[in-house]
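First the structure, in the form of structure tokens, and then the observations on it.
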Amino acid sequence: MSERVIPLVAQRPPALTVPVPAQPAADTPPPTDTLGRPLRDLRISVTDRCNFRCSYCMPKEVFDKDYPYLPHADLLSFEEITRAARQFVALGVRKIRLTGGEPLLRKNLEILVEQLANIPTPDGTPLDLTLTTNGSLLARKAKSLKDAGLNRVTVSLDGLDDAVFRAMNDVDFPVSDVLDGIAAAKDAGLGLDANGLLTGLKVNMVVKRRTNVDQILPMARHFRGSGITLRFIEYMDVGATNGWCMDDVLPSADVIQHIQQEFPLVPLEASAPGETTQRWGYANAAGVFDPALGEVGVISSVTQAFCRDCNRARLSTEGKLYLCLFATQGYDLRSLMRGAQATDADIASAIGHIWHGRDDRYSELRASMPADSASDGSSSARRVEMSYIGG
Ligand code: SAM
């Protein structure tokens, strides 16, 4: 076996032990962290495996047949995920996103979706239950996921040109199958809001210089007026295996400029507090936003950090609670849950306590670092991979 230069699962920094503080009084308001940020959004990674080998996420040279994926017994069971999610909801979470790895690779995922969809919120508002997928299995699964209670879905697609896309996913997967998955999601009604409008079906494209910048306009042309919102994501320095460097990042401002060459855009208001996406609407001939033409979004996690509003927690595949995508250590919720005595109230008070002490704002701090230190080995070598923590 070749020598590896990345931290493997067994060499990851040890998990942080979860404190179990005294339970707060029943009328204690939901926690905020040290920067006053509430807990609203939970991302749950249901598998660390993926059937794609995108070079910027799970490069083939690292994620090969010898890669030590988590054994099944280490994964949180659906019951454990639901139990944890219930406590997060009690503490303020209103949006749950299933992710991975590729979440649709997890067997019987519909059962988990159904369990999560049935979690009541304290104020009776419905949970927003969504999933991020590479779309490869979506044509087969869209209807059963919708029937199980999934509200909407975000599909990752990095280009429309088959050669570009096949090279990026690095498993020769064709664009047409992902487009079929998106069409199936639309047909199944994923992304329809309470008024029957298609507002929640999204496509995410990671933009990497020298790789798929020429796909920005074809993607914009394809999805403009389709009811599907296309969002462009800046290539991030997440994980330790993708060889990230700032030169590969195309700032979102340049993406918007690219699109403006062909389609006039007008800025739109954020649709929710803490939203990571800056929204731009397609304008009509009078220069006014035309909802029929739809909108695009940009997620500028590198050039315009949005830590200030970050209300997101992440539950890794093996049940560690991470407070930031760039964290190096997570809190071992699984041990607490598998321990004999922990009650639901203990788990909730532990999560609340951890959130209350949160001070993470990595992306803002990165923005103030010298350009070369953000990508040097010492600062990134211990970061966990996106496929494990959940993108
Ligand atoms: N397999 C699913 C998918 O493809 O959507 C879910 C997991 S994937 C890690 C989630 C998202 O993270 C994808 O849209 C992927 O393109 C994005 N992603 C992965 N590595 C990234 C990076 N270094 N910078 C920006 N986005 C990244």
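Start at 1 with the first residue, then count along the sequence. Computation of the quantities below employed the complete heavy-atom set of this structure, encompassing side-chain atoms and omitting hydrogens, waters and symmetry-equivalent molecules.
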Discussion item. Is there a side chain to side chain contact (heavy atoms under 4.5 Å, CB included) between Leu131 and Thr99? Walk through the geometry before answering.
Written reply: CA-CA 6 Å; Leu131 174 145; Thr99 179; over 6 Å; no
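- Between the OG1 atom of Thr47 and the NE2 atom of His72 there is a distance of 9.5 Å, given to the nearest 0.5 Å.
- Both Val171 and Leu138 belong to a common hydrophobic cluster when Ile, Leu, Val, Met, Phe, Trp and Tyr are linked at side-chain heavy-atom distances under 4.5 angstrom.
- Residues Lys202 and Ile228 have side chains not in contact (no heavy-atom distance under 4.5 Å, counting atoms from C-beta outward).
- No side-chain donor from either of Glu234 and Ser301 sits under 3.5 Å from a side-chain acceptor of the other.
- Side chain of Gln215 to main chain of Leu160: a donor-acceptor pair is present (N/O by atom type, distance under 3.5 Å, no hydrogens or angles).
- Taking CD of Gln329 as the reference point, atom SG of Cys324 lies at 13.0 Å (rounded to 0.5 Å).
- In this structure a side-chain-to-backbone donor-acceptor pair under 3.5 Å is missing from Asn195 to Leu197.
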Worksheet entry | Candidate pair Arg152 and Asp193, rule salt bridge (charged side-chain N to carboxylate O under 4.0 Å, His left out), full reasoning | CA-CA 9 Å; Arg152 55 198 186 87; Asp193 67 15; over 6 Å; no
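- Contact annotation: the side chain of Tyr331 never approaches that of Tyr322 to less than 4.5 Å [non-hydrogen atoms, C-beta and beyond].
- Looking at Ser300, its side chain never comes within 3.5 Å of a backbone N or O of Thr303 through a donor-acceptor pair.
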Item to complete: Dump the intermediate steps for side chain to side chain donor-acceptor pair (under 3.5 Å) on Tyr388 and Glu318, then the final yes or no.
Response: CA-CA 9 Å; Tyr388 161 81; Glu318 56 178 341; 2.7 Å; yes
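- Between Leu116 and Ala85 the shortest heavy-atom distance is CD2-CB, 3.6 Å.
- Considering all non-hydrogen atoms of both residues, Ala350 and Leu336 come closest at CB-CD2, 4.0 Å.
- Shown here for Glu80 and Leu75, the closest heavy-atom pair between the two residues is OE1-O, 4.1 Å.
- Shown here for Leu321 and Ala313, the closest heavy-atom pair between the two residues is CD1-CB, 3.9 Å.
- Cluster annotation: Leu91 is not connected to Leu35 through the hydrophobic network of ILVMFWY side chains, with a link wherever side-chain heavy atoms come within less than 4.5 Å.
- Residues Gln278 and Leu268 have side chains not in contact (no heavy-atom distance under 4.5 Å, counting atoms from C-beta outward).
- Arg166 pairs in a salt bridge (charged side-chain N to carboxylate O under 4.0 Å, His left out) with only one of the listed residues (Asp161, Asp158, Asp172), which is Asp172.
- With a 6.0 Å radius and a threshold of 12 heavy atoms from other residues, nucleotides or ligands, Gln341 has its CD atom at or below the threshold.
- With rounding to the nearest 0.5 angstrom, the OG1 atom of Thr130 is 10.5 Å from the CG atom of Leu145.
- Panel note: side chain Arg53, backbone Cys50; a donor-acceptor pair is recorded below 3.5 Å.
- A heavy-atom distance below 4.5 Å is not found between the side chains of Asn204 and Leu157.
- The backbone N or O of Leu70 sits less than 3.5 Å from a side-chain atom of Asp48, completing a donor-acceptor pair.
- Hydrophobic clustering (side-chain heavy atoms under 4.5 Å, transitive across Ile, Leu, Val, Met, Phe, Trp, Tyr) keeps Met205 apart from Leu217.
- Applying the 6.0 Å contact sphere to CZ of Arg209 captures more than 12 heavy atoms from other residues, nucleotides or ligands.
- For Asp344 (side chain) and Gln87 (main-chain N/O), no donor-acceptor pair under 3.5 Å exists by modelled atom type.
- You'll find the side chain of Leu323 reaches within 4.5 Å of the side chain of Ile354, heavy atoms only.
- Using a 4.5 Å cut-off on side-chain heavy atoms (C-beta onward), Lys320 and Arg334 make no contact.
- In His356, the NE2 atom is not crowded: 12 or fewer heavy atoms of neighbouring residues, nucleotides or ligands sit closer than 6.0 Å.
- Judged purely by distance below 3.5 Å, without hydrogens or angles, the side chains of Ser144 and Glu110 pair a donor atom with an acceptor atom.
- The closest donor-acceptor contact from the side chain of Gln260 to the backbone of Leu265 lies under 3.5 Å.
- Here Asp147 pairs with Lys143 in a salt bridge; the nearest charged N to carboxylate O distance falls below 4.0 Å.
- Under 3.5 Å, the side chains of Tyr362 and Asp237 contain a donor-acceptor pair of N or O atoms.
- For the atom pair CD (Gln257) and CD1 (Ile216), the distance works out to 11.0 Å, reported to the nearest 0.5 Å.
- Of the possible polar contacts, one joining the Asp346 side chain to the Thr343 backbone as a donor-acceptor pair under 3.5 Å is found.
- The line from OG of Ser316 to CG of Leu76 is 7.0 Å long, rounded to the nearest 0.5 Å.
- Taking all atoms of both residues into account, the shortest heavy-atom contact from Ser363 to Cys307 is N-SG, 3.5 Å.
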Worksheet item: What do the steps show when you test Lys95 against Leu127 for side chain to side chain contact (heavy atoms under 4.5 Å, CB included), and what is the final call?
Response: CA-CA 6 Å; Lys95 175 169 149 191; Leu127 255 190; over 6 Å; no
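- Of all heavy-atom pairs spanning Gly101 and Pro103, the tightest one is O-CD, 3.4 Å.
- A donor-acceptor pair under 3.5 Å is formed between the side chain of Arg279 and the backbone N or O of Glu269.
- Summarising the geometry, atom CD1 belonging to Ile96 is positioned 10.5 Å from atom CG belonging to Asn151; distances are rounded to the nearest 0.5 Å.
- By the 30° and 60° cut-offs, the orientation of the rings of Tyr235 relative to Tyr56 is perpendicular.
- Side chains of Val288 and Val266 form no contact here, defined as non-hydrogen atoms less than 4.5 Å apart.
- The closest donor-acceptor contact from the side chain of Asn169 to the backbone of Phe165 lies under 3.5 Å.
- Between Arg308 and Glu364 there is a salt bridge, with a side-chain nitrogen of the basic residue lying less than 4.0 Å from a carboxylate oxygen of the acidic one.
- Aromatic ring centres of Phe289 and Tyr282: separated by at least 6.0 Å.
- Of the N and O atoms on the side chains of Ser136 and Asn51, at least one donor lies less than 3.5 Å from an acceptor on the other residue.
- Within a 6.0 Å radius of CZ in Arg338, other residues, nucleotides and ligands contribute more than 12 heavy atoms.
- When each of Arg312, Arg94, Arg97, Arg314 is paired with Asp41, the salt bridge (charged side-chain N to carboxylate O under 4.0 Å, His left out) condition holds for Arg312 and for no other.
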Worksheet item: Taking it one step at a time, do Ile259 and Phe232 satisfy side chain to side chain contact (heavy atoms under 4.5 Å, CB included)?
Response: CA-CA 11 Å; Ile259 300 173; Phe232 299 91; 3.5 Å; yes
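- For the 3.5 Å distance criterion, the side chains of Thr132 and Thr154 fail to qualify, holding no donor opposite an acceptor.
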Practice prompt. Evaluate side chain to side chain contact (heavy atoms under 4.5 Å, CB included) for Asn311 paired with Leu39, printing each intermediate quantity in order.
Written response: CA-CA 5 Å; Asn311 52 23; Leu39 172 55; over 6 Å; no
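- Here the side chains of Val213 and His258 are in contact, with some heavy-atom distance below 4.5 Å.
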